[in-house]
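Remarks on the structure that follows.
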Amino acid sequence: IAPLERPGLQDATASATAPVATAAASQAYTWKNVEIVGGGFVPGIEFSPAEKDLIYARTDMGGLYRWNPSTSRWIPLTDWVGWDRWGYLGGVSIAPDPVDADKVYAAVGMYTNSWDPNNGAIIRSSDRGNTWQITTLPFKLGGNMPGRGMGERLAVDPNKNSVLYFGAPSGKGLWRSTDSGVTWSQVTNFPNVGNYVQDPANDYTADNQGVVWVTFDKSTGSAGSATQGIYVGVADKENTVYRSTNGGTSWERVAGQPTGYMAHKGVIDPTNKLLYIATSDTGGPYDGAKGDVWKYSIATGTWTQISPVPSSSGDAYFGYSGLTIDRQNPSTIMVTTQISWWPDIQIFRSTDSGATWTKAWDWTSYPSRSFRYTMDISGAPWLTFSANPQPPEVTPKLGWMTEELQIDPFNSNRMMYGTGATIYGTTNLTAWDAGDQITIKPVAQGLEETAVLDLMSPPTGASLVSGLGDISGFVHTDLTKVPSKMMSTPVFTSTTSVDYAETNPSVMVRSGNFTDSDRPNDAHVAFSTDGGSNWFQGQEPGGVNNGGTVAAAADGSRFVWAPGDPGIQVHYSVGFGNSWSASQGVPANAKVESDRVNPQKFYAVSNGTFYVSTNGGQSFTQTASGLPTSVNFRAVPGAEGDIWLAGDSGGLYRSTDSGATFTKVSNVTGARSVGFGKAAPGASYQAIYIVGTVDGVTGVFRSDDKAANWVRINDDKPQFGNMGDALTGDPRIYGRVYLGTNGRGVQYADPSG
């Protein structure tokens with residue numbers, strides 16, 4: 001999911017200025033994730049070679065994690081990343097030091113194009129990721145770019161751990177550090193910077209994917225002396241594997257190598273002196289139709305194709321990516337299909353260095369299959385995706401986008417692999433070889449990677465309802481427990497907007513997008529009359545593909561919907577979407593909200609101009625203008641016509657006359673979002689929460705006195721990167737706030753103690 005881009009803004013000119021607020025204090029808060037478990041792509045899992053149970057994971061847009069063996073949960077390591085460097089939550093590569101277990105390195109950066117304003121960085125830690133030091137690179141990195149499942153790009157010399165190599169994208173080549181990652185320089189004699197570009201016509205896919213992995217042959221060195229044998233993978237279908245036999249002094253294309261595909265992974269077996277590569281015809285992670293698996297004898301220079309299904313076979317419709325060997329039994333290797341949506345991915349296992357293979361599942365009599373595994377998703381039951389597929393497909397799927405698979409180097413029975421939604425794992429892997437079934441479970445507890453598009457906390461019923469990118473969203477009745485299912489019937493791929501009727505909160509509405517062809521009746525809007533337990537769809541205007549924003553009248557009698565598709569008009573419906581009529585006087589794609597008292601009153605904003613409807617959305621009248629051009633706004637429960645508007649760099653504004661005029665709040669120089677929660681003890685006005693900049697400090701703030709004074713409620717450690725497009729307080733619990741992030745899930749916080 002791309003970050004929610006914020007265009008340049010201008011201050012509102014048609015607004016008065018409020019008295020100056022006093023400088024913001026701070027208050028200690030305890031921050032936790034609302035339990036969802038996973039929710040995004042995990043392209044990298046690295047077991048430390050130096051210490052048992054020391055495991056790291058990288059996500060494409062949600063930062064880095066370390067496994068806690070005592071709790072069987074992942075610990076986030078990059079929540080210190082703030083707005084100014086939000087791209088550092090793009091995990092390009094991670095490399096635990098193979099000698100010193102306390103050291104770990106990572107390459108970070110989100111996009112190689114203009115979407116990320118900052119260059120990438122190599123960060124290093126001497127305390128297992130608790131704290132980091134940063135070396136900025138002279139180019140950008142792309143943790144959420146095409147090809148992000150290849151790797152690892154970053155590697156530490158297992159004999160002389162002060163030496164590191166990094167494979168760069170964008171034609172920047174191979175880089176080396178000889179001082180434990182403090183300084184870096186380009187290896188100028190490395191002969192190939194890569195040439196594979198997914199699609200030069202698209203800004204997101206036009207980058208050269210570059211040098212994609214580095215691995216060392218540990219047997220060619222000794223402790224304290226640099227490893228002599230180094231192998232490097234390049235995104236070049238004709239020249240994909242290079243090596244040095246003299247510690248990086250010179251480099252050569254490995255002779256006799258296969259051509260026509262790119263090596264996504266390269267793994268060395270130093271015991272048997274073999275290099276394994278898994279290849280595909282694309283960089284992934286969403287595609288890949290052909291590929292092969294090869295082994296290279298370092299001693300003889302011989303290449304042998306060992307593909308479980310060769311690319312020349314009529315049964316080949318996938319490339320290969322996830323690749324690992326059992327360090328306890330190096331002749332045991334495993335590989336995954338890069339992508340094979342139907343009927344599922346495949347995992348292959350060999351105990352004889354690839355001479356023969358067995359599969360995670362086999363066809364019996366079509367459409368039936370037999371399985372060498374069982375799935376136990378009780379830890380994240382929503383992984384069924386509320387699907388009801390026909391054979392041969394099953395739910396939950398074994399996975400997709402499975403570009404990472406690792407066998408624990410200390411335990412042949414433990415294996416983990418990443419998917420587009422979670423980390424799966426098993427602890428009885430060798431049962432496979434005995435013909436028994438292994439048990440696969442989600443092992444992503446503590447790793448929260450959802451992108452949050454909207455949040456609401458109703459005054460009764462569920463504590464929270466979340467609209468999420470890629471996995472629809474949830475009705476959260478217990479913040480500490482994983483929901484049993486996502487919002488379904490219909491299921492949206494992404495829920496872009498949620499709302500409830502303020503005086504009748506069992507009535508809810510949501511709008512969203514979907515990408516799967518099997519969703520019923522192309523639904524983009526859904527309703528509930530029982531607080532989100534059950535949902536149903538009505539009719540909708542023609543041509544809608546983007547959910548946009550939707551608002552429920554205060555009493556639930558009607559709804560106003562602004563689909564996100566260009567040119568599609570705002571519509572209103574009396575009842576639950578049985579029919580829709582175009583609203584008059586309001587631009588297409590406006591952002592809409594409802595008054596929380598008057599059921600006939602709705603609000604909209606578009607391109608810096610505010611609009612009001614007093615007849616249930618039938619028509620709107622233009623009111624204030626000169627507002628910021630990109631805003632989030634909310635009406636206050638219990639106070640008709642009381643509106644707060646967050647205008648990004650334009651600041652925070654308030655209207656008490658239903659949007660006729662707005663007053664700017666001083667000392668709030670930036671405001672990304674605004675929400676409300678239960679009033680402070682002794683106060684009559686709701687607590688106000690913002691994500692913004694107050695007195696020059698950016699963070700999450702609360703005001704108990706209508707913005708006269710602010711308290712910062714996060715600090716520099718929990719910043720969560722590109723956060724704040726969704727925000728709300730809790731109407732039942734004073735001080736509780738719910739914060740949406742773009743890659744770190746839904747956060748909630750209460751005053752400490």
Side-chain angles (χ1 to χ4, degrees), residues 42 45-47 52-53 55 67 72 264-265 267 269 271-272 274 276 278 291-293 295 306-310 315-316 318-340 343-365 368-380 383 392-419 422-444:
V42 182
I45 303 166
E46 292 299 314
F47 286 81
K52 184 177 184 292
D53 286 331
I55 316 166
W67 180 253
S72 297
H264 275 224
K265 307 286 183 182
V267 177
D269 169 7
T271 302
N272 296 309
L274 296 171
Y276 293 98
D292 284 299
V293 183
K295 67 179 177 183
I306 57 170
S307 308
V309 181
D315 294 328
F318 46 75
Y320 297 92
S321 186
L323 176 67
T324 186
I325 70 173
D326 184 345
R327 299 292 173 180
Q328 301 294 313
N329 302 284
S331 295
T332 295
I333 65 175
M334 298 182 73
V335 67
T336 67
T337 53
Q338 177 189 333
I339 198 75
S340 49
D344 209 339
I345 64 143
Q346 185 62 278
I347 302 176
F348 303 93
R349 180 173 169 89
S350 173
T351 57
D352 53 15
S353 300
T356 61
W357 297 88
T358 51
K359 297 183 286 187
W361 56 267
D362 290 278
W363 293 107
T364 53
S365 177
S368 299
R369 293 186 286 157
S370 62
F371 301 90
R372 281 189 170 84
Y373 66 90
T374 60
M375 299 284 285
D376 175 4
I377 61 166
S378 56
L383 284 166
E393 292 188 279
V394 298
T395 190
K397 280 184 173 288
L398 188 57
W400 58 91
M401 298 163 61
T402 47
E403 298 230 51
E404 178 69 300
L405 179 147
Q406 294 286 347
I407 298 173
D408 186 336
F410 296 94
N411 181 357
S412 298
N413 266 312
R414 179 155 73 168
M415 176 263 286
M416 293 183 183
Y417 65 96
T419 78
T422 193
I423 298 175
Y424 279 123
T426 184
T427 56
N428 66 331
L429 181 58
T430 59
W432 180 312
D433 303 324
D436 297 326
Q437 287 186 315
I438 65 172
T439 300
I440 295 175
K441 300 180 179 181
V443 285

Side-chain contact, heavy-atom cut-off 4.5 Å: [X] with [Y]?
X      : Y      : answer
Asp53  : Arg414 : yes
Glu404 : Lys265 : yes
Arg369 : Val394 : yes
Thr332 : Ser412 : no
Pro310 : Asp292 : yes
Ile339 : Trp400 : yes
Ile347 : Met334 : yes
Ser72  : Trp67  : yes

Within the side chain of [X], is there an N or O that forms a donor-acceptor pair under 3.5 Å with the backbone of [Y]?
X      : Y      : answer
Thr402 : Thr419 : no
Thr358 : Asp433 : no
Asn428 : Thr439 : yes
Thr337 : Tyr320 : no
Asn413 : Thr430 : yes
Trp361 : Ile345 : yes
Trp357 : Ile306 : yes
Arg372 : Lys359 : yes
Lys397 : Pro343 : yes
Gln346 : Ala360 : yes

Identify the two heavy atoms, one from [X] and one from [Y], that lie closest to each other, and give their separation to 0.1 Å.
X      : Y      : answer
Gly425 : Val443 : N-CG2, 3.8 Å
Ala278 : Ser321 : CB-O, 3.5 Å
Thr422 : Pro442 : OG1-CB, 4.1 Å
Ser307 : Val293 : OG-N, 2.9 Å
Ala355 : Ser350 : N-OG, 3.9 Å
Pro330 : Asp269 : CB-OD1, 3.3 Å

Q) Using the ring of each side chain (for Trp, its six-membered ring), is Tyr417 parallel, tilted or perpendicular to Tyr424, with breaks at 30° and 60°? A) tilted

